[in-house]
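In what follows, a single structure is set out as C-alpha coordinates and then discussed.
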Amino acid sequence: MAEGFRQWRCRNCGFIYDEAAGWPDEGIAPGTRFEDIDDDWYCPDCGTEKQDFELVE
Amino acid sequence: MALPVELAQTIIDPKAYSQRELVDEAFRQIRATAPLDKAELDGFEPFWVVTRHADIKDIERQPDIFHNGDKSTFLTNIEGNARVQMLTGGEPNLIRSLVSVDGKEHKDLRGIVFPHITPRAIKPLEEQIRAIAREFVDHMLSFDGQCDFAADVAFLYPLRVIMTVLGVPQEDEPFMLKLTQELFNNADPELNRARAELSPEDMLKSLWETTMELENYFAAVTKKFRENPTSHINSLIANAKIDGEYLNHRQMMGYYIIAATAGHDTTSNTTAGAMWALAEKPEMLARMKADPSLINAFVEESIRWEVPVKHFMRSAVADCEIGGQQIKAGDWLMLSYQSANRDESVWADPFEFRIDRESNPQIAFGYGVHVCLGQHLARMEMRILWEELFKRLESVELAGKGERTISNFVCGPKHVPIRFTAN
(Lines give C-alpha, C1' and ligand atoms only; values in the text may rest on other atoms or scores of the structure.)
Protein backbone atom coordinates (compact mmCIF):
# COMPACT_ATOMS: atom_id res chain seq x y z
CA MET A 1 0.00 0.00 0.00
CA ALA A 2 1.32 3.44 -0.89
CA GLU A 3 2.47 5.64 1.93
CA GLY A 4 0.77 8.77 3.10
CA PHE A 5 -2.82 7.61 3.23
CA ARG A 6 -4.83 9.59 5.74
CA GLN A 7 -8.00 9.13 7.74
CA TRP A 8 -10.93 11.53 7.89
CA ARG A 9 -13.48 11.60 10.71
CA CYS A 10 -17.11 12.66 10.52
CA ARG A 11 -17.47 15.41 13.10
CA ASN A 12 -21.03 14.38 13.82
CA CYS A 13 -20.88 10.63 14.44
CA GLY A 14 -17.20 9.67 14.39
CA PHE A 15 -17.31 7.56 11.20
CA ILE A 16 -13.74 7.19 9.86
CA TYR A 17 -13.01 7.32 6.15
CA ASP A 18 -9.68 5.53 5.71
CA GLU A 19 -8.12 6.34 2.35
CA ALA A 20 -6.18 3.07 2.35
CA ALA A 21 -9.37 1.03 2.73
CA GLY A 22 -11.70 3.22 0.64
CA TRP A 23 -15.41 2.53 1.06
CA PRO A 24 -16.23 -0.42 -1.19
CA ASP A 25 -19.88 -0.46 0.01
CA GLU A 26 -20.38 2.58 -2.22
CA GLY A 27 -17.86 1.70 -4.92
CA ILE A 28 -15.03 3.84 -3.52
CA ALA A 29 -11.92 1.76 -4.21
CA PRO A 30 -9.14 1.23 -1.68
CA GLY A 31 -6.54 3.95 -2.08
CA THR A 32 -9.03 6.68 -3.04
CA ARG A 33 -7.95 10.02 -1.61
CA PHE A 34 -10.58 11.89 0.33
CA GLU A 35 -10.33 14.86 -2.04
CA ASP A 36 -11.03 12.54 -4.99
CA ILE A 37 -14.41 11.43 -3.60
CA ASP A 38 -17.35 13.28 -5.18
CA ASP A 39 -18.24 16.47 -3.32
CA ASP A 40 -21.82 15.26 -2.92
CA TRP A 41 -20.73 12.17 -0.95
CA TYR A 42 -21.99 12.09 2.62
CA CYS A 43 -21.25 10.14 5.78
CA PRO A 44 -22.56 6.56 5.37
CA ASP A 45 -23.55 6.41 9.03
CA CYS A 46 -25.25 9.75 9.67
CA GLY A 47 -25.64 11.70 6.41
CA THR A 48 -23.30 14.55 7.36
CA GLU A 49 -21.83 16.17 4.25
CA LYS A 50 -18.25 15.61 3.10
CA GLN A 51 -17.21 19.16 3.99
CA ASP A 52 -17.89 18.40 7.67
CA PHE A 53 -15.24 15.70 7.92
CA GLU A 54 -11.99 16.51 9.69
CA LEU A 55 -8.50 15.13 9.13
CA VAL A 56 -7.42 12.67 11.82
CA GLU A 57 -4.01 13.93 12.91
CA MET B 1 -15.86 -0.20 44.44
CA ALA B 2 -19.42 0.69 43.54
CA LEU B 3 -21.01 4.13 43.22
CA PRO B 4 -22.44 5.53 46.47
CA VAL B 5 -26.01 4.23 46.64
CA GLU B 6 -27.51 7.68 47.16
CA LEU B 7 -25.96 9.00 43.95
CA ALA B 8 -26.91 5.88 42.00
CA GLN B 9 -30.50 6.15 43.23
CA THR B 10 -30.70 9.80 42.20
CA ILE B 11 -29.56 9.20 38.63
CA ILE B 12 -32.20 6.52 38.05
CA ASP B 13 -35.06 8.24 39.91
CA PRO B 14 -37.73 9.53 37.48
CA LYS B 15 -38.80 12.15 40.03
CA ALA B 16 -35.24 13.48 40.30
CA TYR B 17 -35.28 14.20 36.55
CA SER B 18 -38.27 16.47 37.08
CA GLN B 19 -35.90 18.63 39.16
CA ARG B 20 -33.00 18.52 36.75
CA GLU B 21 -30.54 20.29 39.07
CA LEU B 22 -30.62 17.25 41.38
CA VAL B 23 -29.51 14.94 38.60
CA ASP B 24 -26.95 17.42 37.26
CA GLU B 25 -25.41 17.69 40.72
CA ALA B 26 -25.33 13.91 41.21
CA PHE B 27 -23.59 13.44 37.87
CA ARG B 28 -21.17 16.29 38.63
CA GLN B 29 -20.12 14.43 41.76
CA ILE B 30 -19.88 11.13 39.90
CA ARG B 31 -17.74 12.62 37.11
CA ALA B 32 -15.43 14.11 39.73
CA THR B 33 -15.00 10.98 41.80
CA ALA B 34 -15.96 7.83 39.89
CA PRO B 35 -16.74 8.69 36.26
CA LEU B 36 -17.08 5.08 35.17
CA ASP B 37 -18.15 2.85 38.01
CA LYS B 38 -20.79 0.27 38.84
CA ALA B 39 -24.20 0.96 40.33
CA GLU B 40 -25.33 -1.85 42.61
CA LEU B 41 -28.95 -1.31 43.58
CA ASP B 42 -31.56 -3.60 45.06
CA GLY B 43 -33.73 -5.12 42.37
CA PHE B 44 -31.41 -4.22 39.49
CA GLU B 45 -28.73 -6.15 37.70
CA PRO B 46 -25.49 -4.23 38.45
CA PHE B 47 -24.63 -1.80 35.67
CA TRP B 48 -21.76 0.53 34.80
CA VAL B 49 -22.62 4.23 34.78
CA VAL B 50 -20.75 5.91 31.93
CA THR B 51 -20.68 9.66 32.51
CA ARG B 52 -17.85 11.10 30.43
CA HIS B 53 -18.21 12.39 26.89
CA ALA B 54 -15.07 10.57 25.67
CA ASP B 55 -16.08 7.21 27.19
CA ILE B 56 -19.54 7.29 25.61
CA LYS B 57 -18.03 8.08 22.20
CA ASP B 58 -15.52 5.28 22.69
CA ILE B 59 -18.32 2.80 23.43
CA GLU B 60 -20.64 3.98 20.66
CA ARG B 61 -17.90 3.67 18.04
CA GLN B 62 -17.54 -0.03 18.90
CA PRO B 63 -20.99 -1.46 18.10
CA ASP B 64 -19.52 -4.93 17.54
CA ILE B 65 -18.48 -5.05 21.20
CA PHE B 66 -21.27 -3.02 22.79
CA HIS B 67 -24.67 -4.29 21.72
CA ASN B 68 -27.97 -2.49 21.97
CA GLY B 69 -30.29 -5.43 21.79
CA ASP B 70 -28.92 -8.23 23.95
CA LYS B 71 -30.48 -6.75 27.10
CA SER B 72 -32.99 -4.00 27.73
CA THR B 73 -32.04 -0.83 25.85
CA PHE B 74 -33.26 1.35 28.71
CA LEU B 75 -32.89 0.84 32.43
CA THR B 76 -35.37 -1.70 33.78
CA ASN B 77 -35.28 -3.67 37.00
CA ILE B 78 -34.88 -7.45 37.15
CA GLU B 79 -38.59 -8.08 37.63
CA GLY B 80 -39.50 -5.76 34.76
CA ASN B 81 -37.00 -7.45 32.46
CA ALA B 82 -38.51 -10.84 33.29
CA ARG B 83 -42.04 -9.61 32.51
CA VAL B 84 -40.93 -8.09 29.20
CA GLN B 85 -39.38 -11.40 28.19
CA MET B 86 -42.59 -13.17 29.10
CA LEU B 87 -44.69 -10.76 27.02
CA THR B 88 -42.39 -10.83 23.98
CA GLY B 89 -41.55 -14.51 23.96
CA GLY B 90 -38.00 -13.98 25.17
CA GLU B 91 -36.95 -10.62 23.77
CA PRO B 92 -35.44 -8.01 26.14
CA ASN B 93 -37.41 -5.05 24.74
CA LEU B 94 -41.16 -4.54 24.38
CA ILE B 95 -40.60 -2.82 21.05
CA ARG B 96 -38.11 -4.12 18.49
CA SER B 97 -36.98 -0.84 16.99
CA LEU B 98 -33.78 0.61 15.49
CA VAL B 99 -32.42 1.39 18.96
CA SER B 100 -32.74 -2.22 20.09
CA VAL B 101 -31.18 -4.18 17.22
CA ASP B 102 -27.59 -4.69 16.10
CA GLY B 103 -25.35 -5.70 13.21
CA LYS B 104 -26.88 -6.58 9.84
CA GLU B 105 -30.44 -6.23 11.07
CA HIS B 106 -29.73 -2.68 12.23
CA LYS B 107 -27.89 -1.75 9.04
CA ASP B 108 -30.64 -3.15 6.83
CA LEU B 109 -33.44 -1.47 8.78
CA ARG B 110 -31.67 1.86 9.04
CA GLY B 111 -30.93 1.76 5.32
CA ILE B 112 -34.65 1.82 4.50
CA VAL B 113 -35.16 5.39 5.70
CA PHE B 114 -31.61 6.79 5.91
CA PRO B 115 -31.21 7.93 2.27
CA HIS B 116 -34.50 9.83 2.56
CA ILE B 117 -33.56 11.80 5.66
CA THR B 118 -30.04 13.07 4.97
CA PRO B 119 -29.49 16.85 4.91
CA ARG B 120 -29.67 16.85 1.12
CA ALA B 121 -32.77 14.67 0.98
CA ILE B 122 -34.75 16.85 3.39
CA LYS B 123 -33.74 20.20 1.93
CA PRO B 124 -36.74 20.26 -0.44
CA LEU B 125 -39.01 20.07 2.64
CA GLU B 126 -37.79 23.44 3.92
CA GLU B 127 -40.61 25.58 2.53
CA GLN B 128 -43.29 23.11 3.58
CA ILE B 129 -41.89 23.07 7.13
CA ARG B 130 -41.60 26.87 7.11
CA ALA B 131 -45.31 27.11 6.31
CA ILE B 132 -46.07 24.84 9.28
CA ALA B 133 -43.79 26.94 11.50
CA ARG B 134 -45.61 30.13 10.47
CA GLU B 135 -48.91 28.50 11.31
CA PHE B 136 -47.71 27.69 14.84
CA VAL B 137 -46.20 31.15 15.32
CA ASP B 138 -49.60 32.61 14.41
CA HIS B 139 -51.16 30.16 16.85
CA MET B 140 -48.82 31.25 19.66
CA LEU B 141 -49.37 34.94 19.02
CA SER B 142 -53.13 34.39 19.11
CA PHE B 143 -52.77 33.73 22.85
CA ASP B 144 -52.53 37.47 23.45
CA GLY B 145 -49.31 37.74 25.36
CA GLN B 146 -49.29 34.62 27.53
CA CYS B 147 -49.23 30.87 26.90
CA ASP B 148 -47.83 27.56 28.02
CA PHE B 149 -45.19 27.25 25.31
CA ALA B 150 -44.71 23.52 25.91
CA ALA B 151 -48.34 22.48 25.57
CA ASP B 152 -49.43 25.19 23.12
CA VAL B 153 -46.52 25.13 20.66
CA ALA B 154 -43.63 22.77 21.45
CA PHE B 155 -45.72 19.59 21.67
CA LEU B 156 -47.64 20.40 18.50
CA TYR B 157 -45.25 21.82 15.89
CA PRO B 158 -42.76 18.90 15.72
CA LEU B 159 -45.75 16.55 15.80
CA ARG B 160 -47.22 18.19 12.68
CA VAL B 161 -43.83 18.13 10.92
CA ILE B 162 -43.11 14.46 11.56
CA MET B 163 -46.65 13.31 10.83
CA THR B 164 -46.47 15.17 7.50
CA VAL B 165 -43.21 13.41 6.65
CA LEU B 166 -44.55 10.02 7.77
CA GLY B 167 -47.85 10.38 5.94
CA VAL B 168 -50.16 10.44 8.99
CA PRO B 169 -53.35 12.49 8.52
CA GLN B 170 -53.74 15.61 10.68
CA GLU B 171 -56.86 14.27 12.37
CA ASP B 172 -54.76 11.48 13.89
CA GLU B 173 -52.26 13.86 15.51
CA PRO B 174 -54.02 14.06 18.93
CA PHE B 175 -54.05 10.25 19.07
CA MET B 176 -50.34 10.06 18.24
CA LEU B 177 -49.48 12.74 20.81
CA LYS B 178 -51.46 11.01 23.55
CA LEU B 179 -49.90 7.61 22.91
CA THR B 180 -46.41 9.08 22.63
CA GLN B 181 -46.82 10.76 26.00
CA GLU B 182 -48.11 7.53 27.49
CA LEU B 183 -45.12 5.64 26.13
CA PHE B 184 -42.43 8.02 27.34
CA ASN B 185 -44.04 9.45 30.47
CA ASN B 186 -45.27 6.28 32.07
CA ALA B 187 -44.08 7.37 35.53
CA ASP B 188 -45.79 10.76 35.32
CA PRO B 189 -49.38 10.71 36.64
CA GLU B 190 -50.24 13.81 34.59
CA LEU B 191 -49.36 12.18 31.26
CA ASN B 192 -49.45 8.39 31.62
CA ARG B 193 -52.23 6.13 30.39
CA ALA B 194 -53.94 5.70 33.76
CA ARG B 195 -53.47 9.37 34.80
CA ALA B 196 -52.39 7.99 38.18
CA GLU B 197 -49.39 6.89 40.22
CA LEU B 198 -48.62 3.34 39.06
CA SER B 199 -46.82 0.40 40.59
CA PRO B 200 -43.94 -0.97 38.48
CA GLU B 201 -46.17 -3.89 37.48
CA ASP B 202 -48.99 -1.58 36.39
CA MET B 203 -46.53 0.63 34.51
CA LEU B 204 -45.46 -2.31 32.38
CA LYS B 205 -49.07 -3.36 31.83
CA SER B 206 -49.89 0.16 30.79
CA LEU B 207 -46.93 0.30 28.40
CA TRP B 208 -48.02 -2.96 26.83
CA GLU B 209 -51.57 -1.65 26.31
CA THR B 210 -50.23 1.51 24.67
CA THR B 211 -47.95 -0.55 22.44
CA MET B 212 -50.86 -2.78 21.37
CA GLU B 213 -53.01 0.27 20.59
CA LEU B 214 -50.22 1.67 18.43
CA GLU B 215 -49.82 -1.68 16.67
CA ASN B 216 -53.54 -1.80 15.90
CA TYR B 217 -53.31 1.65 14.37
CA PHE B 218 -50.25 0.82 12.27
CA ALA B 219 -51.70 -2.44 10.98
CA ALA B 220 -54.09 -0.33 8.91
CA VAL B 221 -51.20 1.89 7.80
CA THR B 222 -49.39 -1.09 6.28
CA LYS B 223 -52.49 -2.08 4.33
CA LYS B 224 -53.06 1.48 3.11
CA PHE B 225 -49.49 2.03 1.85
CA ARG B 226 -49.12 -1.40 0.27
CA GLU B 227 -52.24 -0.71 -1.77
CA ASN B 228 -51.15 2.85 -2.63
CA PRO B 229 -47.41 3.41 -2.13
CA THR B 230 -46.22 7.01 -1.72
CA SER B 231 -42.92 8.72 -0.86
CA HIS B 232 -43.90 9.06 2.80
CA ILE B 233 -41.69 7.34 5.37
CA ASN B 234 -44.48 5.07 6.57
CA SER B 235 -44.89 3.90 2.99
CA LEU B 236 -41.16 3.14 2.77
CA ILE B 237 -41.47 1.05 5.93
CA ALA B 238 -44.61 -0.73 4.76
CA ASN B 239 -43.11 -1.67 1.40
CA ALA B 240 -39.47 -2.28 2.35
CA LYS B 241 -37.97 -5.69 1.75
CA ILE B 242 -34.83 -7.17 3.27
CA ASP B 243 -33.38 -10.16 1.44
CA GLY B 244 -36.59 -10.32 -0.59
CA GLU B 245 -38.99 -10.36 2.38
CA TYR B 246 -41.16 -7.68 3.94
CA LEU B 247 -40.11 -6.70 7.47
CA ASN B 248 -41.47 -9.07 10.05
CA HIS B 249 -44.27 -7.91 12.34
CA ARG B 250 -42.08 -6.77 15.23
CA GLN B 251 -39.57 -5.01 12.99
CA MET B 252 -42.30 -3.17 11.13
CA MET B 253 -44.24 -2.15 14.22
CA GLY B 254 -41.04 -1.12 15.98
CA TYR B 255 -40.09 1.07 13.02
CA TYR B 256 -43.49 2.78 12.78
CA ILE B 257 -43.58 3.34 16.53
CA ILE B 258 -40.11 4.81 16.93
CA ALA B 259 -40.55 7.08 13.92
CA ALA B 260 -43.93 8.32 15.09
CA THR B 261 -43.05 8.81 18.76
CA ALA B 262 -39.33 9.54 19.16
CA GLY B 263 -39.59 11.47 15.89
CA HIS B 264 -41.36 14.35 17.59
CA ASP B 265 -41.19 13.95 21.38
CA THR B 266 -37.44 14.57 21.51
CA THR B 267 -37.75 17.69 19.34
CA SER B 268 -40.70 18.88 21.42
CA ASN B 269 -38.68 18.53 24.60
CA THR B 270 -35.74 20.40 23.09
CA THR B 271 -37.95 23.16 21.69
CA ALA B 272 -39.70 23.64 25.04
CA GLY B 273 -36.36 23.61 26.86
CA ALA B 274 -34.96 26.19 24.45
CA MET B 275 -37.85 28.57 25.12
CA TRP B 276 -37.45 28.04 28.86
CA ALA B 277 -33.76 28.98 28.56
CA LEU B 278 -34.58 31.97 26.37
CA ALA B 279 -37.18 33.22 28.85
CA GLU B 280 -34.56 33.03 31.59
CA LYS B 281 -31.96 34.86 29.47
CA PRO B 282 -34.05 37.12 27.25
CA GLU B 283 -31.02 39.14 26.18
CA MET B 284 -30.33 36.27 23.76
CA LEU B 285 -33.47 37.22 21.85
CA ALA B 286 -32.16 40.68 20.99
CA ARG B 287 -28.86 39.19 19.83
CA MET B 288 -30.56 36.64 17.57
CA LYS B 289 -32.98 39.21 16.18
CA ALA B 290 -29.98 41.37 15.26
CA ASP B 291 -27.99 38.43 13.91
CA PRO B 292 -30.17 35.47 12.85
CA SER B 293 -27.05 33.46 11.99
CA LEU B 294 -26.78 32.83 15.77
CA ILE B 295 -29.92 30.69 15.58
CA ASN B 296 -27.90 27.62 14.54
CA ALA B 297 -25.81 27.99 17.71
CA PHE B 298 -29.01 28.44 19.74
CA VAL B 299 -30.41 25.20 18.30
CA GLU B 300 -27.21 23.25 18.99
CA GLU B 301 -26.94 24.62 22.52
CA SER B 302 -30.58 23.81 23.23
CA ILE B 303 -29.93 20.20 22.15
CA ARG B 304 -26.90 20.03 24.46
CA TRP B 305 -28.85 21.68 27.24
CA GLU B 306 -32.08 19.72 27.09
CA VAL B 307 -30.61 16.36 26.03
CA PRO B 308 -34.06 14.78 25.68
CA VAL B 309 -32.87 11.16 25.67
CA LYS B 310 -31.34 10.84 29.10
CA HIS B 311 -29.73 7.45 28.63
CA PHE B 312 -29.47 4.26 26.62
CA MET B 313 -28.12 0.94 27.83
CA ARG B 314 -25.51 -1.22 26.10
CA SER B 315 -24.24 -4.70 26.92
CA ALA B 316 -20.68 -5.85 26.30
CA VAL B 317 -20.12 -9.03 24.30
CA ALA B 318 -16.34 -9.16 24.91
CA ASP B 319 -13.89 -8.13 27.60
CA CYS B 320 -12.38 -4.71 26.97
CA GLU B 321 -11.04 -1.58 28.64
CA ILE B 322 -12.94 1.69 28.64
CA GLY B 323 -11.83 4.77 30.54
CA GLY B 324 -9.35 2.75 32.57
CA GLN B 325 -11.94 0.20 33.73
CA GLN B 326 -12.05 -3.46 32.77
CA ILE B 327 -15.42 -4.22 31.25
CA LYS B 328 -16.34 -7.90 31.09
CA ALA B 329 -18.42 -9.73 28.49
CA GLY B 330 -22.03 -9.67 29.66
CA ASP B 331 -21.70 -6.38 31.59
CA TRP B 332 -24.52 -3.87 31.25
CA LEU B 333 -23.72 -0.17 30.81
CA MET B 334 -25.80 3.00 31.16
CA LEU B 335 -24.66 5.74 28.79
CA SER B 336 -25.75 9.03 30.35
CA TYR B 337 -26.06 11.64 27.63
CA GLN B 338 -27.16 14.23 30.19
CA SER B 339 -23.89 13.76 32.04
CA ALA B 340 -21.78 13.69 28.87
CA ASN B 341 -23.30 17.00 27.77
CA ARG B 342 -22.20 18.59 31.05
CA ASP B 343 -18.65 17.15 30.92
CA GLU B 344 -16.29 19.81 32.32
CA SER B 345 -13.43 18.48 30.20
CA VAL B 346 -15.36 19.42 27.04
CA TRP B 347 -17.23 22.59 28.07
CA ALA B 348 -15.65 25.30 30.25
CA ASP B 349 -18.99 26.27 31.78
CA PRO B 350 -21.33 23.36 31.12
CA PHE B 351 -24.11 24.60 33.42
CA GLU B 352 -24.53 27.83 31.46
CA PHE B 353 -26.76 28.13 28.38
CA ARG B 354 -24.62 30.03 25.86
CA ILE B 355 -24.98 30.78 22.17
CA ASP B 356 -21.40 31.98 21.70
CA ARG B 357 -19.55 28.70 22.10
CA GLU B 358 -16.70 28.19 19.63
CA SER B 359 -17.47 24.49 19.40
CA ASN B 360 -20.29 22.43 20.76
CA PRO B 361 -19.73 18.69 20.23
CA GLN B 362 -22.89 17.71 22.10
CA ILE B 363 -23.86 14.04 21.87
CA ALA B 364 -27.56 14.20 22.66
CA PHE B 365 -28.22 12.37 19.36
CA GLY B 366 -25.78 9.64 20.32
CA TYR B 367 -22.68 8.79 18.31
CA GLY B 368 -21.60 6.09 15.92
CA VAL B 369 -23.84 3.83 13.86
CA HIS B 370 -26.81 4.30 16.17
CA VAL B 371 -26.70 8.10 16.00
CA CYS B 372 -30.24 9.51 15.74
CA LEU B 373 -31.70 8.87 12.29
CA GLY B 374 -33.83 12.03 12.37
CA GLN B 375 -31.21 14.44 13.72
CA HIS B 376 -30.94 16.56 10.58
CA LEU B 377 -34.71 16.96 10.33
CA ALA B 378 -34.87 17.86 14.02
CA ARG B 379 -32.22 20.56 13.63
CA MET B 380 -33.87 21.93 10.50
CA GLU B 381 -37.36 22.16 11.96
CA MET B 382 -36.11 23.86 15.14
CA ARG B 383 -34.04 26.37 13.14
CA ILE B 384 -37.03 27.23 10.97
CA LEU B 385 -39.36 27.68 13.95
CA TRP B 386 -36.96 30.10 15.66
CA GLU B 387 -36.31 31.99 12.41
CA GLU B 388 -40.02 32.54 11.97
CA LEU B 389 -40.79 33.25 15.63
CA PHE B 390 -37.91 35.65 16.28
CA LYS B 391 -38.99 37.83 13.36
CA ARG B 392 -42.16 38.54 15.28
CA LEU B 393 -41.28 38.10 18.96
CA GLU B 394 -40.24 41.31 20.74
CA SER B 395 -39.82 40.10 24.31
CA VAL B 396 -40.33 37.00 26.40
CA GLU B 397 -40.11 36.11 30.08
CA LEU B 398 -41.26 33.32 32.35
CA ALA B 399 -44.81 33.82 33.62
CA GLY B 400 -44.65 31.18 36.32
CA LYS B 401 -42.76 28.08 37.26
CA GLY B 402 -41.88 25.64 34.51
CA GLU B 403 -42.38 21.93 35.13
CA ARG B 404 -40.55 18.86 33.86
CA THR B 405 -41.94 15.39 33.26
CA ILE B 406 -41.27 12.58 35.71
CA SER B 407 -39.13 10.19 33.68
CA ASN B 408 -35.54 8.96 33.53
CA PHE B 409 -35.63 8.11 29.82
CA VAL B 410 -37.09 10.42 27.13
CA CYS B 411 -38.30 13.55 28.87
CA GLY B 412 -38.21 17.31 29.19
CA PRO B 413 -40.39 20.28 30.07
CA LYS B 414 -44.14 19.69 30.18
CA HIS B 415 -45.12 23.25 31.15
CA VAL B 416 -43.28 26.42 30.15
CA PRO B 417 -45.51 29.39 31.06
CA ILE B 418 -44.33 32.51 29.26
CA ARG B 419 -45.36 36.13 28.86
CA PHE B 420 -44.40 37.77 25.59
CA THR B 421 -44.85 40.74 23.31
CA ALA B 422 -44.86 40.67 19.53
CA ASN B 423 -43.69 43.23 16.96
Side-chain angles (χ1 to χ4, degrees), chain A, chain B residues 53-64 66 98 102-104 106-123 125 233 296 299-300 303-304 335 337 340 346 357-380:
Chain A
M1 198 62 70
E3 287 182 15
F5 285 126
R6 297 167 300 173
Q7 293 186 329
W8 297 78
R9 181 191 297 115
C10 171
R11 285 199 178 98
N12 185 55
C13 75
F15 171 85
I16 300 280
Y17 175 74
D18 182 342
E19 292 179 342
W23 190 246
D25 284 10
E26 295 177 34
I28 300 172
T32 304
R33 301 286 182 184
F34 189 69
E35 53 267 34
D36 293 333
I37 300 174
D38 286 349
D39 286 342
D40 63 359
W41 183 77
Y42 51 75
C43 174
D45 280 355
C46 76
T48 291
E49 298 192 354
K50 184 185 166 188
Q51 66 201 31
D52 290 321
F53 275 64
E54 61 189 0
L55 182 64
V56 179
E57 301 291 352
Chain B
H53 189 267
D55 291 340
I56 292 182
K57 285 169 68 175
D58 200 7
I59 289 168
E60 295 223 57
R61 281 308 312 173
Q62 300 183 70
D64 294 340
F66 296 99
L98 275 183
D102 296 287
K104 181 180 183 303
H106 173 258
K107 190 176 179 188
D108 286 344
L109 289 173
R110 190 174 167 99
I112 295 166
V113 171
F114 176 67
H116 304 272
I117 204 157
T118 62
R120 197 166 309 131
I122 61 174
K123 203 167 174 42
L125 298 174
I233 284 179
N296 282 330
V299 168
E300 212 59 25
I303 299 165
R304 181 191 76 85
L335 313 188
Y337 303 106
V346 179
R357 298 187 183 280
E358 280 186 14
S359 81
N360 197 349
Q362 58 77 23
I363 51 170
F365 290 120
Y367 198 72
V369 299
H370 284 278
V371 70
C372 173
L373 187 60
Q375 59 170 316
H376 302 296
L377 179 62
R379 284 192 177 96
M380 182 168 101

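Residue numbers start from 1 in every chain, and the chains themselves are labelled A, B, ... in the order their sequence lines are given, proteins ahead of strands. No hydrogens, no waters, no symmetry mates; every other heavy atom, side chains included, goes into these values. Computed from a predicted structure; not experimentally measured.
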### Donor-acceptor contact present, side-chain Arg11(A) to main-chain Pro361(B), <3.5 Å
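Pair absent, no side-chain N/O of Arg11(A) close to backbone of Pro361(B).
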### Message
Looking at Arg120(B) and Tyr42(A), would you say the former's side chain and the latter's main chain have a donor-acceptor pair under 3.5 Å?
### Response
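Not a single qualifying donor-acceptor pair exists.
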### Message
Check this for me, if you would: do Asp45(A) and Lys107(B) make a salt bridge, where the nitrogen-to-carboxylate-oxygen distance has to be below 4.0 angstrom?
### Response
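Salt bridge absent between Asp45(A) and Lys107(B).
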Side chain, backbone, both or neither: which part of [X] has a non-hydrogen atom closer than 4.5 Å to chain A?
X: Tyr367(B); value: both
X: Val371(B); value: side chain
X: Gln362(B); value: neither

### Message
How close do His376(B) and Cys46(A) get, counting heavy atoms only, and between which atoms?
### Response
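Between these two residues, the closest heavy atoms are NE2-O, 2.7 Å.
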### Task
Give the minimum heavy-atom separation between Glu49(A) and Pro119(B), together with the two atoms involved.
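Between these two residues, the closest heavy atoms are OE2-CB, 3.8 Å.
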#### Entry: Greatest number of heavy atom pairs closer than 4.5 Å to chain A - which of Ile117(B), Leu373(B), Val369(B)
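Answer, by heavy-atom pair count under 4.5 Å with chain A: Val369(B).
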### Query
With a 4.5 angstrom heavy-atom cut-off, which part of Asp52(A) approaches chain B: side chain, backbone, both or neither?
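When you check distances to chain B, no heavy atom of Asp52(A) falls under 4.5 Å.
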#### Entry: Pairwise distance CG(Asp40(A)) to OG1(Thr118(B)) - rounded to 0.5 angstrom
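Taking CG in Asp40(A) and OG1 in Thr118(B), the distance rounds to 10.5 Å.
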### Task
Calculate, to the nearest 0.5 Å, the distance between atoms CZ and CG belonging to Arg379(B) and Asn12(A) respectively.
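It is 5.0 Å, given to the nearest 0.5 Å.
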### Query
Mind checking whether Cys13(A) and Arg61(B) have side chains closer than 4.5 Å, heavy atoms only?
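Side chain of Cys13(A) against side chain of Arg61(B), heavy atoms only: contact under 4.5 Å found.
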